[in-house]
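For the single chain, residues carry numbers from 1 onward in sequence order. Being a predicted model, the structure only gives us computed values, none of them experimental.
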Amino acid sequence: MTDGADPTATLRRLRGSIDNIDAALIHMLAERFKATQQVGLLKAEHGMPASDPAREEQQIARLRTLAVDADLDPEFAEKWFNFVVAEVIRHHTAAAEGA
């Protein structure tokens with residue numbers, strides 16, 4: 001893992017990379033939620049249900065495959081997706097109640 005470099009400098013460099021990745025993830029999640037909020041408004045406007053279990057199952061299968069391909073634990077990917085979807089459904093439900 002190390003190449004003889006100062007471990008403190010290496011740690012600082014690695015943490016800088018982690019911080020950049022975290023920032024990118026936050027921005028990507030914000031964009032994702034902007035899109036799902038539009039979906040929620042569309043669903044509310046047309047009386048569609050907040051949740052789409054068939055779509056969610058398709059997404060879980062797709063994301064689990066992507067996770068395996070990316071050498072990421074597919075269980076973790078599914079947990080992350082379920083966490084995000086729960087928040088999306090909460091937003092969709094709120095949009096429907098406000099419609």
Side-chain angles (χ1 to χ4, degrees):
M1 175 96 197
T2 60
D3 56 5
D6 173 27
T8 303
T10 301
L11 181 61
R12 219 177 9 257
R13 179 182 55 77
L14 291 170
R15 285 181 173 166
S17 291
I18 291 166
D19 291 350
N20 289 339
I21 293 165
D22 287 346
L25 287 169
I26 292 300
H27 287 282
M28 291 173 68
L29 280 170
E31 287 301 312
R32 187 186 196 288
F33 277 103
K34 286 176 188 173
T36 60
Q37 286 172 349
Q38 291 177 335
V39 168
L41 292 173
L42 182 68
K43 285 181 171 185
E45 183 179 327
H46 295 282
M48 300 165 79
S51 176
D52 185 345
R55 163 82 172 152
E56 292 163 27
E57 286 302 314
Q58 290 170 347
Q59 285 295 92
I60 288 170
R62 186 178 76 82
L63 292 175
R64 287 182 69 89
T65 299
L66 287 171
V68 169
D69 292 346
D71 200 25
L72 179 70
D73 179 3
E75 291 295 321
F76 173 78
E78 185 172 345
K79 286 178 188 177
W80 169 82
F81 179 74
N82 287 330
F83 178 77
V84 170
V85 167
E87 185 67 8
V88 168
I89 291 171
R90 189 179 71 76
H91 292 175
H92 290 185
T93 301
E97 290 170 355

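With rounding to the nearest 0.5 Å, the separation of CD in Glu78 from CG in Asn82 is 5.5 Å. Rounding to the nearest 0.5 Å places CG of Leu63 at 11.5 Å from CG of Asp69. Atoms CD1 and CZ, on Ile60 and Arg55 in that order, are 11.5 Å from each other to the nearest 0.5 Å. We find the CD-CG distance between Gln59 and Asp52 to be 10.0 Å, quoted to the nearest 0.5 Å.
A heavy-atom distance below 4.5 Å is found between the side chains of Val88 and Arg32. Using a 4.5 Å cut-off on side-chain heavy atoms (C-beta onward), Arg64 and Glu75 make contact.
Under a hydrophobic clustering in which Ile, Leu, Val, Met, Phe, Trp and Tyr are joined whenever their side-chain heavy atoms come within less than 4.5 Å, directly or via other members, Val39 and Leu29 fall into different clusters. Leu42 is not connected to Val85 by any chain of hydrophobic side-chain contacts under 4.5 Å among Ile, Leu, Val, Met, Phe, Trp and Tyr, and they are in different clusters.
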For the pair Glu56 and Ile89, evaluate side-chain contact (heavy atoms from CB on, under 4.5 Å) and give the outcome as yes or no after the intermediate values. CA-CA 11 Å; Glu56 292 163 27; Ile89 291 171; 3.6 Å; yes
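Through side-chain heavy atoms spaced under 4.5 Å, either directly or across other Ile, Leu, Val, Met, Phe, Trp or Tyr residues, Leu25 is tied to Ile21. Connectivity analysis of hydrophobic side chains (ILVMFWY, heavy atoms under 4.5 Å, direct or indirect) links Leu72 to Phe76.
Of all heavy-atom pairs spanning Ala67 and Pro74, the tightest one is CB-CA, 3.8 Å.
With hydrogens and angles disregarded, no donor-acceptor distance shorter than 3.5 Å links the side chain of Lys43 to the backbone of Met48.
The list of ring-ring contact (aromatic ring centres under 6.0 Å, His included) pairs with a residue in residues 20-49, not counting sequence neighbours, reads Phe33-His91.
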